[in-house]
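Have a look at the structure below before the remarks.
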Amino acid sequence: MTNDNKPEIQITIEKLRNGRWAFVLKRGAVVYPAQGQFASQLQAHAAGQMALKALENKR
């Protein structure tokens, strides 16, 4: 896979130590800290997708 095929921004979902869920944004080599304290993995994923859309619309 070449760098041209990789998405510029990636979102990963992580479980926090307190049992809550958060999303992490990765843009190239920059990793933004975990965002949110969501009760379910699905909520964290939805919030991450909304953040991704907002960032893409700003370009």
Side-chain angles (χ1 to χ4, degrees):
M1 181 182 252
T2 65
N3 286 339
D4 296 334
N5 294 339
K6 284 187 178 180
E8 188 174 321
I9 302 172
Q10 296 178 341
I11 296 177
T12 56
I13 308 301
E14 295 181 358
K15 191 166 190 177
L16 302 175
R17 288 182 183 178
N18 63 0
R20 309 283 284 180
W21 293 89
F23 65 91
V24 177
L25 292 172
K26 296 178 184 176
R27 183 182 227 178
V30 179
V31 178
Y32 296 95
Q35 300 290 316
Q37 294 262 337
F38 301 99
S40 72
Q41 187 176 7
L42 183 61
Q43 289 175 333
H45 183 72
Q49 290 299 320
M50 287 174 45
L52 176 63
K53 251 186 192 178
L55 287 173
E56 288 177 344
N57 287 339
K58 285 187 176 183
R59 291 189 216 178

- Residue pair L16 / A34: nearest heavy atoms and the distance that separates them: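 Closest heavy-atom pair between L16 and A34: CD2-CB, 4.4 Å.
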- Nearest heavy atoms of Y32 and V24, plus distance in Å: O-CG1, 3.2 Å
- Message: Side-chain heavy atoms nearer than 4.5 Å, only ILVMFWY residues, links allowed to pass through others: does that put I9 and I13 together?
- Response: yes
- Item | Flag, side chain of Q35 to backbone of P33, donor-acceptor distance under 3.5 Å | yes
- Task: Please tell me if the side chains of K26 and T12 come closer than 4.5 Å, counting only heavy atoms from C-beta onward.
- Result: yes
- Query: Can you list the residues that meet the side-chain contact (heavy atoms from CB on, under 4.5 Å) rule with A29, with sequence neighbours excluded?
  - Reply: none
Let me check something: any side-chain donor-acceptor pairs from residues 37-45 under 3.5 Å, sequence neighbours excluded? List them with distances.
from: Q37; atom 1: OE1; to: N18; atom 2: ND2; distance (Å): 2.9
from: S40; atom 1: OG; to: Q43; atom 2: N; distance (Å): 3.2
from: Q43; atom 1: OE1; to: A39; atom 2: N; distance (Å): 3.1
from: Q43; atom 1: OE1; to: S40; atom 2: N; distance (Å): 3.3

- Message: Please give the remaining members of the hydrophobic cluster of M50, linking ILVMFWY side chains under 4.5 Å, ordered by chain and number.
- Response: none
